Amino acid sequence: MKPFLALVKRDLTLGLRRKSQIYQPLVFQLLVVTMFPLALGSGAKTLALIAPAVIWILALLASLLTLDQIFKNDYDDGSVESYVLTSYPLPMSVMAKVLAHWLLSGLPLVLFSPIIGVLLHLPASSYGILMLSLLIGTPMFSFMGSIGSALTMSLKHGGLLLTILVMPLLTPVLIFGASAVVESSLGNSASQPLLLLSGLLILSITLIPFAAAAAIKINLE
Amino acid sequence: MKPFLALVKRDLTLGLRRKSQIYQPLVFQLLVVTMFPLALGSGAKTLALIAPAVIWILALLASLLTLDQIFKNDYDDGSVESYVLTSYPLPMSVMAKVLAHWLLSGLPLVLFSPIIGVLLHLPASSYGILMLSLLIGTPMFSFMGSIGSALTMSLKHGGLLLTILVMPLLTPVLIFGASAVVESSLGNSASQPLLLLSGLLILSITLIPFAAAAAIKINLE
Amino acid sequence: MSEFFNMGGYAFYVWTSIGLFFLAMLIDFISLSMKEKSVKRNILSFLRRKKNNK
Amino acid sequence: MPIITAQDISCQRGNFLLFKPVSFSLDFGQSLLISGPNGIGKTTVLESIAGLRGLQQGRLSFKDQDLSKFKDDWFENSLYIGHKTGNKKELSCLENLRSFLQIQGIEVSETQAEDALESVGLAGYEYQMAGSLSAGQKKRLALARLLLVKFSVWILDEPFVNLDVSGCDWLLGILDNHIKNKGILIITAHDNKTIKEKVTSELILESVGL
Amino acid sequence: MPIITAQDISCQRGNFLLFKPVSFSLDFGQSLLISGPNGIGKTTVLESIAGLRGLQQGRLSFKDQDLSKFKDDWFENSLYIGHKTGNKKELSCLENLRSFLQIQGIEVSETQAEDALESVGLAGYEYQMAGSLSAGQKKRLALARLLLVKFSVWILDEPFVNLDVSGCDWLLGILDNHIKNKGILIITAHDNKTIKEKVTSELILESVGL
Amino acid sequence: MTKSYRRNDGKLNMHKQRTNALLRFYHKLGSPPSFYRISGYFLKWLLLIAIGLTIWGMYDGLVLAPADYQQGDSFRIIYVHVPAAWMSMFIYGIMGVCGAIAIIWRMKMAEAVMLASAPIGAWFTFIALVTGSLWGKPMWGTWWEWDARMTSELILLFLYIGIMATYSAFSEDSRKAARMAALIAVVGVFNVVIIHYSVQWWSSIHQGSTVSLMGKQHITWDMLRPLLVMAFATKFYYGYSMLKRARIYLLETESHKRWVQDIITEKKS
Ligand code: HEM
Ligand SMILES: Nc1ncnc2c1ncn2[C@@H]1O[C@H](COP(=O)(O)OP(=O)(O)OP(=O)(O)O)[C@@H](O)[C@H]1O
Ligand SMILES: Nc1ncnc2c1ncn2[C@@H]1O[C@H](COP(=O)(O)OP(=O)(O)OP(=O)(O)O)[C@@H](O)[C@H]1O
Ligand SMILES: [Mg+2]
Ligand SMILES: [Mg+2]
């Protein structure tokens, strides 16, 4: 087995074994969605108005909760050495880690989003665009998170610092993603924001693994 | 110095030294608040409508981010033994930990809330009630969090589990807190929800230290 | 007969509800017996391990 | 009548008994070395004795009181230092030492604490954060507590680990002193011949067959 | 020409040089014990040699190539096991061992891995999660890697810690074998006389005076 | 010192008084081996009765009962929705009680019953939510409404999930896990009550009058009978599922004991 596949497989095994990593972000989303109507105290109209924003912000927050674990875990128990102290290119290992993280945390968010939509009274016509936009957007959470996690892995309380580092970088994703859903819920075409989102994704795939690899190297020094 | 005071002092020193524990929840709040207008893509009216809900939900989420550290830190480095293996009553030590946590994370949220209010166009008349309701409500976050943290301290990835355990328990606080602000922003009297909130707080102070102490004991077994 | 399945136009809602009800019970039932099997298998293998070690 | 008695105690981990039940009794001035191969349950039994976890079977008593019921007296007389040292990495060595003792209700002056740090070889590290100490220095910081508490029972899990040669000698001296002063010591250690000669009794844990 | 040469290397922690610059060179079949008191910088220098951190001063080369520039060859020939063992607590022993090797690009069959576990004394623990092992067992699991890699350079930081007597003997045997087979060993250890006799050279780190 | 002796004496006297047959039965149930044996007799019957009642209830409810004059045939969802909703609360009540017993008296059987109840309780909650939602669409034109009862039912589901997550997070040490989960269950009981009233209080001041959800309509016996039958059917299935899980829990946690090993090897040979 190639080191790339071995790393993906190891992380998937770990994730499936912990389980919590998969279903807890979903439950978190559900919980916060429940809080909204409770705290708002008003009818369905406001809810539908803010639904796209809330869904996207929650997807972001839910991924943020697991982002710090991309590398922190491996740093804490020392297993980061298994892919740093090897001649296999580090950016490829970063790719593998990001892929595994997305499969475990991003994909479930995409698949789960219609339920959140129902709870927030999102118009039925927008579900397709909602899922599509999340499908393009969530991988970027994992990519950006890999930089943040690589930078904060040696800190004990890096989680919040990571949030602060990563969130501003993710605002474009959030803006395009949410606006795609807003447009489609208003009956307009959502192709422009979706195209921009895809552009960002391609950029992330080509550049970020190198940045994250550099961050790991710096952090270990 | 009494063990109670010694524990509070130690935790305050730690918190002030880590700093991040104090300012990161505030920055987190600020960041998410800025996301809302971006993702909503609409005017001030919607914002003002959802302001009380968003402020309270964010206060809850921001505290949740630090709740797991109440006991987890002490468990990880073994210093939990310093107050478990002693004849000083454990519920008192829990009290001390909760007090320190609130001073470090809850109080700043209370003091910071007017700024968030301004950003979300909250009507000027409600700031007093906003701060008052947070002042009564945020200690309960720390109290409930102490149970959750005691339960999850031995887990490596307890943060999300804690969220799931604690959030349902905090819904009443959220409902009463937010509705106090909503009422006052509509020009009504907010005394009823505030009274209910105070009742919950008194209940928490008297019962929760015992529950958290039990949780610690069980977890250490 | 088809009238029965049609449920006065509410077929989707009624049959999905009832279907989910039985599906959930079935999953519960199956997971129970699978769990029982695996627990027993684990204990047996442990007993064998101990016997061999002796 | 011995001060500490253990009758047929054993511990469990994940539904299995770890070792054959053992009994021992200790009086003032006596010491016990618990030994056995890796994974037999030494750490587990020490934690149970210290009061961090319950016993699976058997009875442990201190001054004729059952420890599963009356723990206060025991907590006021015993000190446990385990694999995890219990130092806070964001506190300096001095703060670590003093706050640990204060939480236990023991008040020491700053000079006393500084003297203790000096004698464990951490002079000059008083204001360094515990997180940036080396492995052996962390252990030394934890052991400094021994110098300042007046507890009669010391429970130590592999205290020699990570210490250098002079550190081991220092610790041996301290332990010796404690026993001579009518203290009680319960300890685990691998591969340290010298401690074997020092203790008054040794308990070898054996695995349970089926 | 020796395979590994270090010229006047030293490391820094928080703005201070830790120890007087040292030099050494190692050829196949040679071994080096790095010793010195607690906190002198042994762990730090091992991490630098392994490639986890940079050197503060001096030059380290492997097969005549400067290690600060060309690391691939070095990474393909060296294995580092430090204070942190690098086991994932949610993976079983078998999975831990195999996935570590696969990530390094080494493929071993399940039976090979099982045999390695058996010879480190973890037979019967193949499917137990690494998180629920005892301190010594965790160390053994990490050391099992030594049996399966073909790397010529081993860099071990206090590998004897937490091992019981038979574990230490086993490890000594393995190290002996490695050196006999023309391997290279860089190791730190406190208080283990036997290893001092086994190694071909010893490097004692000394603190820099002011 | 003397205190502890007196305690022991007290205990001895207690033992002598335990001659009551009912009490003896209770204590037998409290011991794992006899619980395992006794529950073995019930299992098959519980399942058979549950299946029989379900067939009756479904036939009665879907075929025999007349359509509602207002809701038409969609009202038939009642025969799964309401029994499931009732069970979701009933089971949580049981878990709260058993959780308290498990924490205070450390009784193993209470742990077993509490843990064994969680998955099936979560399923019933899930069914109540989904079927309610499926009912809401044709009736109110929306899948979901943030009304008091529905909100607290949703939060009940979260509590169930929290309890199960706690248990599985500590799966390495099942007894510890059980007591942790028990603590959540107990705290949760208070909370369900508080949430229910707080949500009711909250929605009553903001929304004029919500859709009258479960208003007291006159229900004929023909419609009521299948409902009651299904209510019993779910109770019996709960009995089966819970007992079986409790037995598995006992096997797992007592696997080092003689009686478990006897049972296992005996079944095999
Ligand atoms: C997701 C949506 C729903 C949820 C979560 C829900 C939940 C519940 C719960 C918890 C109960 C038990 C209440 C008790 O016995 O105190 C219940 C009973 C009931 N529900 Fe629903 N429900 C939902 C939707 C509906 C809808 C749409 C209808 C009909 C239009 C309906 C009709 C009933 C009836 C008739 C009862 C029995 C009333 C009684 O026992 O007093 N429910 N539901
Ligand atoms: N993160 C850090 N920041 C600053 N100084 C540090 C840090 N970690 C270690 N040090 C200091 O660096 C020195 C060397 O530490 P190192 O861990 O290399 O020592 P060591 O020789 O391995 O000791 P030991 O025998 O105790 O393991 C110590 O004096 C320590 O105080
Ligand atoms: N969390 C756990 N869950 C399940 N089993 C565990 C757990 N922790 C330890 N064990 C098992 O319990 C046994 C005893 O562990 P313990 O740490 O007490 O051993 P020890 O005698 O201190 O060993 P060492 O000499 O290696 O420190 C080991 O076999 C280990 O596999
Ligand atoms: Mg141990
Ligand atoms: Mg070191």
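Numbered from 1 within each chain, the chains take letters A, B, ... in sequence-line order. Computed from heavy atoms alone, side chains included, the values below leave out hydrogens, waters and symmetry copies. Keep in mind that this is a model prediction, so the values were computed, not measured.
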For [X] and [Y], work out which heavy atoms get closest and say how close.
| X | Y | value |
| --- | --- | --- |
| A6(A) | I103(E) | CB-N, 4.1 Å |
| G105(E) | P3(A) | CA-CG, 3.9 Å |
| S82(A) | Q104(E) | O-NE2, 2.8 Å |

Problem - Expected output: side-chain Q102(E) to main-chain L7(A) donor-acceptor under 3.5 Å - result: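 No; zero donor-acceptor contacts below 3.5 Å.
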Handout entry: Distance (rounded to the nearest 0.5 Å) between R98(E) CZ and K9(A) NZ
Key =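 That separation rounds to 6.5 Å.
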Handout entry: From CG (D11(A)) to OG (S99(E)), nearest 0.5 Å
Key =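 Going from the CG atom of D11(A) to the OG atom of S99(E) covers 9.0 Å.
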Handout entry: Which portion of Y75(A) sits near chain E, non-hydrogen atoms under 4.5 angstrom
Key =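 Looking at Y75(A), backbone and side chain both touch chain E.
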Exercise for the section: Please flag which part of D76(A) lies under 4.5 Å from any non-hydrogen atom of chain E: side chain, backbone, both or neither. Expected result: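 Only the backbone of D76(A) comes within 4.5 Å of chain E.
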Handout entry: Among the listed options I106(E), L101(E), N96(E), L91(E), the residue most often paired with chain A at heavy-atom distances under 4.5 Å
Key =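 The residue among I106(E), L101(E), N96(E), L91(E) with the greatest pair count is L91(E).
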Exercise for the section: Can you sort out the partners of P89(A) under side-chain contact (heavy atoms from CB on, under 4.5 Å), two or more places apart, ordered by chain and number? Expected result: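 For P89(A) the side-chain contact (heavy atoms from CB on, under 4.5 Å) partners, ignoring immediate neighbours, are P91(A), M92(A).
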Practice task
Report, as yes or no, whether the 6.0 Å neighbourhood of atom CD on E118(E) holds more than 12 heavy atoms from other residues, nucleotides or ligands.
Solution key: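 No, CD of E118(E) has 12 or fewer neighbouring heavy atoms, counting only those of other groups under 6.0 Å.
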Exercise for the section: Evaluate whether atom NZ of K84(E) has more than 12 neighbouring non-hydrogen atoms of other residues, nucleotides or ligands under 6.0 angstrom away. Expected result: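 It does: K84(E) NZ has more than 12 such atoms within range.
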Handout entry: Proximity breakdown for E95(E) and chain A, heavy-atom pairs closer than 4.5 Å
Key =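 For E95(E), the side chain is the part near chain A, not the backbone.
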Practice task
Heavy atoms only, distances under 4.5 angstrom: which of L85(A), V84(A), T86(A), V80(A) has the most pairs with chain E? Name it, please.
Solution key: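 Greatest number of close heavy-atom pairs with chain E: L85(A).
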Handout entry: Within residues 69-82 of chain E, residues adjacent to chain A where the heavy-atom gap is under 4.5 Å
Key =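 Within residues 69-82 of chain E, the residues that come under 4.5 Å of chain A (heavy atoms only) are D72(E), F75(E), E76(E), Y80(E).
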Problem - Salt bridge flag under 4.0 Å for residues K88(E) and D74(A) - result: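 Here K88(E) pairs with D74(A) in a salt bridge, since their nearest N and O are under 4.0 Å apart.
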